[in-house]
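Only a predicted model underlies this, so the values are computations on that prediction, with no experimental measurement involved. Below, each value reflects all heavy atoms present in this structure, side chains not excepted, and no hydrogens, waters or symmetry copies. Letters A, B, ... are given to chains in the order of the sequence lines, protein chains preceding strands, and every chain is numbered from 1.
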Amino acid sequence: SQKIEQNSEALNIQEGKTATLTCNYTNYSPAYLQWYRQDPGRGPVFLLLIRENEKEKRKERLKVTFDTTLKQSLFHITASQPADSATYLCALPDNYGQNFVFGPGTRLSVLP
Amino acid sequence: GAGVSQSPSNKVTEKGKDVELRCDPISGHTALYWYRQSLGQGLEFLIYFQGNSAPDKSGLPSDRFSAERTGGSVSTLTIQRTQQEDSAVYLCASSLGLGPIDTQYFGPGTRLTVL
């Protein structure tokens, strides 16, 4: 089964800097990979989907890359703001492509 | 429009009691998922419904856990003879049922505490 690792349980950065979060998977390379944001006491909210043939995807201050050779996705937040503080989860389809496996998440704190 | 709703938002029960958690998905969404999230942990998949197909129950941790989805809409997750290790936030999500490219829309969760 697919195993997902996300860098450091918690990441602290200064406001205005770029936050970089990693998602590494160990098994097969999925055709798609998703990133979600979760705030305390709330369910995750979808942010971005990237396909295996897309090396990079952008949405406003967010950028996601997908390297199937390294079995890794990077999630960048540029010009970070305190409001970006949250837990960020990556998700991949399971072996059968019907369901999703979520990573453990990285808790990002942007310090003013 | 209305998002995914879950009830109750909080449930405190005694060990050994049964509990029912409810999920109202977004109208028109054919796929429905249940997850469990323990404090500081990631999401643990429990069960997945897709249209009229047999549900994928591969994530249910024991036979004390069961779920139903009536009329392709509302779903109920039942935990029988609750144990303290069942304490967690139970999250429901729904989607259009497009497979891996789907966007899942999550409810706010039900926080279950077993004393």
(request) Counting only heavy atoms closer than 4.5 Å, note whether B:Y35 contacts chain A via side chain, backbone, both or neither. (result)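 Just its side chain gets close to chain A.
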When the 4.5 angstrom heavy-atom criterion is applied to B:Q37 and chain A, the contacting part is side chain
**Report entry** Nearest heavy-atom neighbours spanning A:G43 and B:L91
**Finding:**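 Taking every non-hydrogen atom into account, CA-CD2, 3.9 Å.
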- Which heavy atom in A:F100 sits nearest to a heavy atom in B:Q104, and how many Å separate them?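 Taking A:F100 first and B:Q104 second, the nearest heavy atoms are CD1-NE2, 2.7 Å.
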If Ile, Leu, Val, Met, Phe, Trp and Tyr residues are connected whenever their side-chain heavy atoms lie under 4.5 Å apart, and connections chain through other members, are [X] and [Y] in the same group?
{"X": "B:F106", "Y": "A:L49", "result": "yes"}
{"X": "B:L77", "Y": "B:V19", "result": "yes"}
{"X": "B:L32", "Y": "B:L21", "result": "yes"}
{"X": "B:F65", "Y": "B:L43", "result": "no"}
{"X": "B:L98", "Y": "B:F45", "result": "yes"}

Within a radius of less than 6.0 Å around [atom1] of [X], do more than 12 heavy atoms belonging to other residues, nucleotides or ligands occur?
{"X": "B:N52", "atom1": "CG", "value": "no"}
{"X": "A:E5", "atom1": "CD", "value": "no"}
{"X": "B:L115", "atom1": "CG", "value": "yes"}
{"X": "B:Y105", "atom1": "OH", "value": "no"}
{"X": "A:Q81", "atom1": "CD", "value": "yes"}
{"X": "A:E60", "atom1": "CD", "value": "no"}

Taking side chain as everything from C-beta outward and backbone as N, CA, C, O, which of these in A:Q38 sits under 4.5 Å from a heavy atom of chain B? Side chain, backbone, both or neither.
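Only the side chain of A:Q38 comes within 4.5 Å of chain B.
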(message) Suppose a student defines contact as a heavy atom less than 4.5 Å from any heavy atom of chain B. Which residues in residues 102-112 of chain A would they list?
(response)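 So far as heavy atoms go, A:F102, A:G103, A:P104 are the residues that approach chain B to under 4.5 Å.
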Output for pair (A:Y36 OH, B:T103 OG1), nearest 0.5 Å, gives 5.5 Å
Q | Residues in residues 5-15 of chain B that sit under 4.5 Å from chain A, counting heavy atoms only | A |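 None at all.
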